[in-house]
Amino acid sequence: MSIDHAPLSTNEPLSTLDVLESEAIHIIREVAAEFEKPVLLFSGGKDSVTVLHLAAKAFWPAKIPFGLLHVDTGHNFPEILKFRDETAARYDIELSVAKVQDYIDDGRLRERADGTRNTLQTQPLIDAIADGGYDAVFGGARRDEDKARAKERILSLRDEFGQWDPSNQRPELWNIYNGRHTVGEHVRVFPISNFTELDVWSYIERENIALPHLYYAHEREVFNRDGMWWSTGEFSTPRAGEDVVRKSVRYRTVGDMSCTGAVESDASDIASVLAEVAVTTVTERGATRADDRISAAAMEDRKKDGYF
Amino acid sequence: MTTTPDTTAATQTTTLLRFATAGSVDDGKSTLVGRLLHDAKAILADQLEAVTRTSEERGFVGGAFDFALLTDGLRAEREQGITIDVAYRYFATDKRSFILADCPGHVQYTRNMVTGATTADAVVVLIDARTGATEQTRRHLTVVQRLGIRHVIVAINKIDLLDYDQVAYAKVEHEVEELAEEIGLDTAHLIPVSALAGDNVAAASANTPWYSGPSLLELLETLPSKEEDTADLEPFRLDVQSVLRPQGGLAPGLDPEQFRDYRAVTGQVTSGRVHLGDEIDVHPAGVRTTVIGIDTADGPLESAGAPLSVALRLADDIDTARGTVLAAAGTLPQPRKIVRAEVFPFTAQGLHSGDRVLVKAGTTTVKALVRIESKRNLTTSVSEPAEVLAGNDIGVAEVKLASALPLADFREHGRSGGFLIIDPQTGATVAAGIHTPAEEGTA
């Protein structure tokens, strides 16, 4: 994009996406201006990809003035890790990786009986934030994802243990954010809090944002467990009676392979994914995250504990 | 599967309305919110299933539904059957997208209502038709009136329990109108609804033939948002967030030659609209300059209206550090070191004369000293002299600022007259303030 071509006329009312985009850019610029060392949590998932895209727009024509941080559970889809590295290179941005595997190898964390590593991310995340000296941590969480997240502030204060205190949150007024914190505390920042899943997909389409191919329909060896389709592999193996079949599936969320399932789908491009999302009858976490099915307060408990 | 349903195109073309709801559990607020989401088809199967399951566990029979379970997000809330904190809900119709700030009415009501209302275009206050306007209704409407909410909707709920009786409704309607007048609320939309039965929530009800107005959802679909209402009437104002100088690190793929001397200020247009070539005043530099570029990552614009985030290039090389205020020439409010403000303390510690605080307005934070003048009696709407305001009180204070700020008159210009009051020791936001220079006495 250049600054030389003819200016666009813009007298129509702003669309929902325009307003949401401007809000996110405002938040990202506020945090970059007021904090010493922000970092963006980047998993390669659609929400963090969207936040990264917004960060690039917020500082254009300058490059993004902070780096990326990924907590690698050791069970990530190889396609996602490749996408993560390519994306960091494309934006010319530093990428730090904290590895759950390192913690398991040296005994700081123990593998859970069910093999899920999602909850094991919290300790490496808090350590990486402390070691990196990060005082603001951007994330792609949205309020429409979960009932606990519906109560989350855009700037959310965490103590030195990374804990969230939902009953004592700062009120957020107008577009003025209060990010004051003491040494050891940090602030989690959620610029796309007000995007819904459908908004994110509409925005990805409008902005032509590249995503990992897992989000689009592809053929895969899968087996059915609890109504979700699981990819066969090292971290999720079928039990007796769970037949492996070849199906056209796509992922609505992309997390740890041990707790992220796929949905049956023929939506192989953005337009058909959007069409699917617009008429969906199940939330994305309900459809594809085993860890959120444990109890009504599963997300609240993880968040209080420092999860992102 | 290449066809795209209308809802898809919708979020790219429709406008956004932010609204808040206020009222207590007894007024049926949770039921109304649940009903609104349900009728707008914003509740998905797994959520519905979870709520139905828990409703049964709680003794709701025959598929009846505890709608509050949809909105109460925290364990403590579900267990106690109360709502602690503002929750945000999202739904869309083919006409519009909505963000609903669901504000609990009874615990820390000022804090929650102010939080929900400062970002809202409209507020829906709920009343139980059987009890009519209560003490709490008065409090809610007072906060809404003081914060200058543009569109106030009073949903008179449980109309089914009055057997849809026009005379009984007219009595409550009259009561609310009298109260609104007493408080100084100019206009309010009154709607008879039954959240439980769905009357006048999403669609007009056959049970109230005597009511000819819109349903709640129809009204929300057609109300102009704050920006739609004012973008071309309000003077342009922008609070500078940062200065963009890409010389230190240009985004990948851009030509260094083209951006060798690039310098712009970033910000979100707070109010009004700025055009290429417009003259603007710059505070605190105290100079006038011209806008020569309105940039976004998508390309330059001819003009930008609130709430767009932009980067502005200015004709003159002047000091425009973070905290600088840009305003259409001749419209910058007089910068003042002593301002009169209405304040809304949030915390148990309250706000006292002599408190040393920080004031954060726009993108500036300055030290300040508070002197409380008066407290509003929420029962009589009369101001009484006071030295101390407790949490949930509303009062007037004189705020002495370490450096002069060009705060707008909140009553005329809304958010560019609003600020946070922060405790410098804990960092907590202890109160909201709005600059109200002209109001004196008991108004």
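Protein chains get the first letters and strands the later ones, always in sequence-line order, with residue 1 at the start of each.
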Notebook entry, point to check: Does any N or O in the side chain of A/Arg170 come within less than 3.5 Å of the main-chain N or O of B/Gly427, such that one atom is a donor and the other an acceptor?
Noted result: yes
Notebook entry, point to check: How far apart are the closest heavy atoms of B/Ser309 and A/Ser22, and which atoms are they?
Noted result: OG-O, 2.8 Å
Item checked: CA sep, side-chain torsions, deciding dist, call: B/Arg322, A/Arg29, side chain to side chain contact (heavy atoms under 4.5 Å, CB included) -> CA-CA 11 Å; B/Arg322 177 172 169 82; A/Arg29 285 171 171 172; over 6 Å; no
Check: What is the minimum heavy-atom distance between B/Leu16 and A/Leu20, and which atoms define it?
Finding: CD2-CD2, 4.3 Å
Checklist line | Spacing of B/Phe259 atom CZ and A/Trp60 atom CH2 [to the nearest 0.5 Å] | finding: 4.0 Å
Note to self: Quick check for you: among B/Val310, B/Val430, B/Thr426, B/Thr347, which has the greatest number of heavy-atom pairs under 4.5 Å with chain A?
What the structure shows: B/Val310
Item checked: B/Leu250 versus chain A, the contacting section by heavy-atom distance below 4.5 Å -> both
Check: Does any non-hydrogen side-chain atom of B/Ile99 lie less than 4.5 Å from one of A/Arg143?
Finding: no
Notebook entry, point to check: Just how far is it from atom CD of A/Glu30 to atom OG of B/Ser242, taken to the nearest 0.5 Å?
Noted result: 8.5 Å
Check: In terms of heavy-atom proximity below 4.5 Å to chain A, should B/Leu358 be classed as side chain, backbone, both, or neither?
Finding: side chain
Check: Where do A/Pro61 and B/Leu244 come nearest, in terms of heavy atoms and distance?
Finding: CD-CD1, 4.2 Å
Item checked: Atom pair OG/CH2 of B/Ser416 and A/Trp174 - distance to nearest 0.5 Å -> 10.5 Å
Next item on the list: Let me know if A/Glu34 has heavy atoms under 4.5 Å from chain B in its side chain, its backbone, both or neither.
Entry: side chain
Notebook entry, point to check: Side chains of B/Lys360 and A/Asn178: does their closest heavy-atom pair fall under 4.5 Å?
Noted result: no
Check: Which distance, rounded to the nearest 0.5 Å, do you find between the CD of B/Gln268 and the CD1 of A/Ile25?
Finding: 9.5 Å
Notebook entry, point to check: Just checking, is any N or O donor in the side chain of B/Tyr90 or A/Asn194 under 3.5 Å from an acceptor N or O on the other one?
Noted result: yes
Notebook entry, point to check: Do you know which of A/Asn175, A/Ile93, A/Thr182 has the most heavy-atom pairs with chain B at a distance under 4.5 angstrom?
Noted result: A/Asn175
Next item on the list: Could you tell me which portion of A/Arg90 (side chain, backbone, both or neither) has an atom closer than 4.5 angstrom to a non-hydrogen atom of chain B?
Entry: backbone
Notebook entry, point to check: Could you state the interatomic distance from CG (A/Leu173) to CZ (B/Arg111), rounded to the nearest 0.5 Å?
Noted result: 10.0 Å
Next item on the list: Find out whether A/Lys57 and B/Thr296 are in side-chain contact, i.e. whether some heavy atom of one side chain is under 4.5 Å from a heavy atom of the other.
Entry: no
Note to self: So A/Glu172 and B/Leu420, do their side chains get closer than 4.5 Å, heavy atoms only?
What the structure shows: no
Note to self: Only pairs of heavy atoms separated by less than 4.5 Å count here; which of A/Ala24, A/Ser193, A/Ala150, A/Ser268 has the most with chain B?
What the structure shows: A/Ala150
Item checked: Gap separating the CZ atom of A/Arg180 from the CD1 atom of B/Ile422, nearest 0.5 angstrom -> 6.5 Å
Notebook entry, point to check: Would you call B/Pro307 and A/Leu14 a side-chain contact if the rule is heavy atoms closer than 4.5 Å?
Noted result: yes
Next item on the list: Keeping the roles fixed (side chain from B/Gln241, backbone from A/His26), state whether a donor-acceptor pair exists under 3.5 Å.
Entry: yes
Item checked: Expected output: side-chain A/Lys151 to main-chain B/Val86 donor-acceptor under 3.5 Å -> no
Checklist line | B/Ala361 versus A/Ile176, closest heavy-atom pair with distance | finding: CA-CD1, 4.4 Å
